[in-house]
Amino acid sequence: MTHRILILGGTTEARQLAGKLAARADVSLTLTLAGRTENPVAQGVPTRVGGFGGADGLAAYLRETRIELLVDATHPYAAQISANAAAAAREAGVPIVALRRPGWEPAEGDRWTLADSVASAVTALATAPRRVFLALGRQEVAAFEAAPQHHYLIRSVDPVEPRLAVPDATYLLARGPFREADEQALLLEHHIDVVVSKNSGGEATYGKIAAARALGVEVVMIRRPTLPDVASAETVEALAAMVDHLLVGHLLGPAAERGV
Ligand SMILES: NC(=O)c1ccc[n+]([C@@H]2O[C@H](COP(=O)([O-])OP(=O)(O)OC[C@H]3O[C@@H](n4cnc5c(N)ncnc54)[C@H](OP(=O)(O)O)[C@@H]3O)[C@@H](O)[C@H]2O)c1
């Protein structure tokens with residue numbers, strides 16, 4: 001009997017987990033993406049692109065496609081889909097497990113200013129003109145139009161369109177991972193004196209944080225959103241082990257078969 005698993009993705013870990021699970025004969029897998037990135041990296045497994053229409057839409061999808069396990073492997077700042085996933089799993093009576101990548105902790109020499117939101121990160125830059133590196137998604141950078149006095153270096157996977165209504169901005173297109181040495185070179189080349197970042201955790205985008213520390217550059221760190229409290233693991237390996245435990249323990253299966 002094959003078990004139907006739905007992975008909510010959009011992260012490297014989701015792709016890695018899908019790769020691991022796809023090797024199993026007892027699993028039938030679907031990975032989903034929001035559809036934000038124009039040319040997403042090939043996922044290597046059956047992939048569905050686009051939203052479900054809120055928690056109710058996701059719950060209906062879980063029922064219709066007879067999903068037996070929902071895996072939330074979305075980005076730590078994708079709070080809406082994680083909330084929807086927890087609610088939909090409850091509504092449809094489907095077990096859920098999540099990948100909760102730990103955040104970065106400040107280390108000796110870091111100069112972090114914590115901000116509660118993108119809007120408060122804008123305020124944290126203060127009034128005097130500065131040279132700011134925005135390593136944020138293209139949806140978030142528009143908020144910085146509220147502080148047009150700064151010079152911005154904006155890096156994104158897809159072009160920021162429309163361009164920001166600020167007089168002084170440079171745009172870079174790049175997809176991680178980014179090495180610390182390259183990030184240092186970038187900060188020096190553009191005379192950056194403050195980096196605005198999310199606390200994404202993981203290795204792929206830590207280079208800019210380490211580079212800022214090495215150069216004594218301030219980081220305005222946007223705090224993580226609150227995520228629903230569901231069974232979770234911190235790494236792909238630990239999450240794969242959780243899924244394995246559920247499969248081996250015959251804990252998955254249509255509700256009727258479990259006697260629910
Ligand atoms: N936020 C970040 O910093 C960040 C960074 C890297 C990657 N990502 C990835 O980019 C995607 C969008 O992030 P976001 O912050 O815009 O999300 P969000 O605000 O939490 O979600 C907004 C809506 O997008 C749809 N959606 C999000 N993730 C989806 C998925 N994996 N599959 C199908 N639908 C999805 C859902 O639409 P419906 O309500 O219609 O179902 C959701 O309500 C996520 O998959 C996330 O893993 C986000």
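Ligands are counted one by one from 1 in listed order, and the atoms in each one are counted from 1 as well.
In this structure, Val194 and Leu125 have side chains that are in contact, with non-hydrogen atoms separated by less than 4.5 Å. Side-chain atoms of Val196 and Leu136, non-hydrogen and from C-beta on, do get closer than 4.5 Å to each other.
Nearest protein heavy-atom neighbour of atom 32 (N) of ligand 1: Thr32 OG1, 2.7 Å. In this structure, the protein non-hydrogen atom closest to atom 7 (C) of ligand 1 is Gly10 O, 3.2 Å. With hydrogens left out, the protein atom closest to atom 39 (O) of ligand 1 is Gly54 N, 2.9 Å, a heavy atom. The protein heavy-atom contact nearest to atom 41 (O) of ligand 1 is Phe52 N, 2.6 Å. At the top of the distance list for atom 37 (O) of ligand 1, counting protein heavy atoms only, stands Gly51 CA, 3.6 Å. Atom 36 (C) of ligand 1 has as its closest protein heavy atom Ile81 CD1, 3.8 Å.
Leu33 counts as a contact of ligand 1, since one of its heavy atoms falls under 4.0 Å from the ligand. Heavy-atom separations between Gly9 and ligand 1 include at least one value shorter than 4.0 Å.
A side-chain N or O of Glu218 and one of Thr113 form a donor-acceptor pair less than 3.5 Å apart. Side chains of Asp26 and Thr2: no donor on one and acceptor on the other come within 3.5 Å. Using a 3.5 Å distance cut-off with no hydrogens or angles, the side chains of Thr123 and Ser120 do not pair a donor with an acceptor.
Note: no N/O pair closer than 3.5 Å links Leu8 and ligand 1 by distance alone. The shortest N or O to N or O distance between Glu140 and ligand 1 is not under 3.5 Å. By the 3.5 Å distance cut-off applied to N or O atoms, Thr11 is not counted among the residues near ligand 1. At least one N/O-N/O distance between Asn84 and ligand 1 falls below 3.5 Å. Some N or O of His75 is nearer than 3.5 Å to an N or O of ligand 1, by distance alone. Looking at ligand 1, you'll find an N or O of Gln80 within less than 3.5 Å of one of its N or O atoms.
Between Arg100 and Asp72 there is a salt bridge, with a side-chain nitrogen of the basic residue lying less than 4.0 Å from a carboxylate oxygen of the acidic one.
Taking the six-membered ring where tryptophan is involved, the planes of His150 and Tyr152 are perpendicular, since the angle between them exceeds 60° and thus also 30°.
Cation-pi contact between Arg48 and Phe52: present, with separation from the ring centre below 6.0 Å and deviation from the ring axis of at most 45°.
Applying the salt bridge (charged side-chain N to carboxylate O under 4.0 Å, His left out) definition to pairs two or more places apart or across chains, those involving residues 9-20 are Glu13-Arg101.
Nearest to atom 33 (C) of ligand 1 by heavy-atom distance, out of Ala78, Gly50, Ala14, Gly57, is Gly50. Nearest to atom 11 (C) of ligand 1 by heavy atom, out of Gly53, Ala85, Ala34, is Ala34.
Short contacts between ligand 1 and Ala79, defined as distances under 4.0 Å to a heavy atom of the residue, involve ligand atoms 20 (O). Taking every non-hydrogen atom of Thr74 and a distance limit under 4.0 Å, the qualifying atoms of ligand 1 come out as 31 (N), 47 (O).
Residues Ala174 and Arg155 approach most closely at CB-CD, 3.9 Å, considering heavy atoms.
The part of Arg36 lying near ligand 1 is the side chain, judged by heavy-atom distances below 4.0 Å. Proximity of Lys198 to ligand 1, defined as any heavy-atom pair under 4.0 Å, is confined to the side chain (atoms from C-beta onward).
Arg224 places a side-chain N or O within 3.5 Å of a backbone atom of Asn199 that can act as its donor or acceptor partner. One N or O on the side chain of Arg131 and one on the backbone of His190 form a donor-acceptor pair closer than 3.5 Å.
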